[in-house]
A.B. asks: 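Sharing a structure, written as structure tokens. Questions coming.
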Amino acid sequence: MIKHYLDYLTNVMAHQWNDAALTDYNESHEYTFGELAIEMLRLHVLFEQLGIKPGDKIALAGRNCANWAVAYLSIAAYEGVCVSILQDFTAEDIAHLLDHSDSELLFVGPYVWKELQNQPLPTKLKAAISLVDWRPLYTTEGQPMPKKEEIDKAFKAKYPQGIEPEDVRFTADPDKLCLINYTSGSTGSPKGVMLNGRSLSNNVEVGMKMLPVDPGQRLVSMLPLAHMFGQICELLYPLSSGTHIYFLTKSPTPSILLKALKDVQPYLVVTVPLVIEKIYKKNLDPTLSKWAIRTFWHVPGIGDLLKKRVRSGLRNAFGGRLRYFI
């Protein structure tokens, strides 16, 4: 029987309560596994205050960051339906997808909101919440927005003794719809792919079996979390295994990425060919194109030494602790 990835995450939280879980690279924003659990429960209080029910659609549009992951996981643990939308879509397209998906709440980053607030928003959308600090940015007419003090009061009333590891039990029905992931629309309009918890959890379990990881290992998240590749391989599978995830909150240029890899020393790199091509041209091509290297590359003995040196340099470029490369 499939085990929901939230069950794995709950177990990790219990055993790694004070360990770092989510960090915005080169920024001060960080959550331990315990703080992640508490923040998820606090957002559940916000959902209740806004009249959001399990099964309702909650959209998520913004850059990769720790709060993106917190919002996503809080929606999943509430048994809401996350509508993940690429922040690179136009504001007009995002407004359309909010309407198309029947989203009732939106978590949004500042880059997206700057353009989106000038669009007519769907009447069904009750509110928009900032991914920076959970601040309310918008409420539909007649929809009161709970103030932070009200959320704090309701949270304290619900958990008067505070939250301890044994109080956390996140789970969900694996056969219920939990995600509508909109495709990039390269061959037409974006399509909303409807996925249940079984689909996501099965991928997480495969990752755990094929790429086992020790708790406390680290990873750099560089792929868009709104894409399934990044969402599974750089968030759900590693976090459910106890990995500390660093999010690149800015576009991963080769210089930014290489510095992050050197600082974080990840056990796993998940990437796409374009990124590797840029790293190759910046770090390896200047060396490999030299006349002496090309001349002696296939010479027995000398060539082996050259390849060993290049291999070591490449490994160091990715932090020196790389075990898996996808």
A.B. asks: Given 3.5 Å as the limit, does a donor-acceptor pair link the side chain of T243 with the main chain of I245, or not?
C.D. replies: no
A.B. asks: Do E234 and F229 come close enough that some side-chain heavy atom pair is under 4.5 Å?
C.D. replies: no
A.B. asks: Before accepting this row, confirm whether a basic side-chain N of the pair E149/K153 lies closer than 4.0 Å to the acidic partner's carboxylate O.
C.D. replies: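 Result for this pair is no, no salt bridge flagged.
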A.B. asks: Would you say the side chain of K308 lies within less than 4.5 Å of the side chain of D304, judging by non-hydrogen atoms?
C.D. replies: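 Counting from C-beta outward, D304 and K308 never come under 4.5 Å.
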A.B. asks: Who pairs with R42 by salt bridge (Lys or Arg N to Asp or Glu O under 4.0 Å), at least two apart in sequence or on another chain?
C.D. replies: D152
A.B. asks: Quick check against the 3.5 Å criterion: does N67 have a side-chain atom that pairs as donor or acceptor with the backbone of V70?
C.D. replies: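 Answer holds: no.
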A.B. asks: Give the C-alpha distance, both sets of side-chain angles, the deciding distance and a yes or no for ring pair (Phe, Tyr, Trp, His ring centres under 6.0 Å) between F89 and Y182.
C.D. replies: CA-CA 10 Å; F89 288 157; Y182 278 95; 7.8 Å; no
A.B. asks: Quick one, I94 and V108 - any side-chain contact, counting heavy atoms below 4.5 Å?
C.D. replies: no
A.B. asks: Mind checking whether H15 and P215 have side chains closer than 4.5 Å, heavy atoms only?
C.D. replies: no
A.B. asks: Checking side chain to side chain contact (heavy atoms under 4.5 Å, CB included) against W17, which of V168, L36, T32, V12 comes through?
C.D. replies: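 It is V168, the one option of V168, L36, T32, V12 that forms the side chain to side chain contact (heavy atoms under 4.5 Å, CB included) with W17.
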A.B. asks: Give a yes or no on whether the backbone of H227 and the side-chain of N181 come within a donor-acceptor separation of less than 3.5 Å.
C.D. replies: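 Side chain of N181 to backbone of H227, a donor-acceptor pair under 3.5 Å: no, none is there.
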A.B. asks: Measure from the side-chain N and O atoms of R321 to the backbone N and O of Y267, and report whether any donor-acceptor pair falls under 3.5 Å.
C.D. replies: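 The answer is no, because no donor-acceptor pair under 3.5 Å joins these two groups.
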A.B. asks: Indicate whether any N or O donor in one side chain lies under 3.5 Å from an N or O acceptor in the other, for Y25 and D263.
C.D. replies: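 Present: a donor and an acceptor within the cut-off.
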A.B. asks: Any ion pair linking K126 and D56 (charged N to carboxylate O, less than 4.0 Å)?
C.D. replies: no
A.B. asks: Could you verify whether a donor N or O on one side chain and an acceptor N or O on the other, from S101 and S103, lie under 3.5 Å apart?
C.D. replies: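 The answer is yes; a qualifying pair exists.
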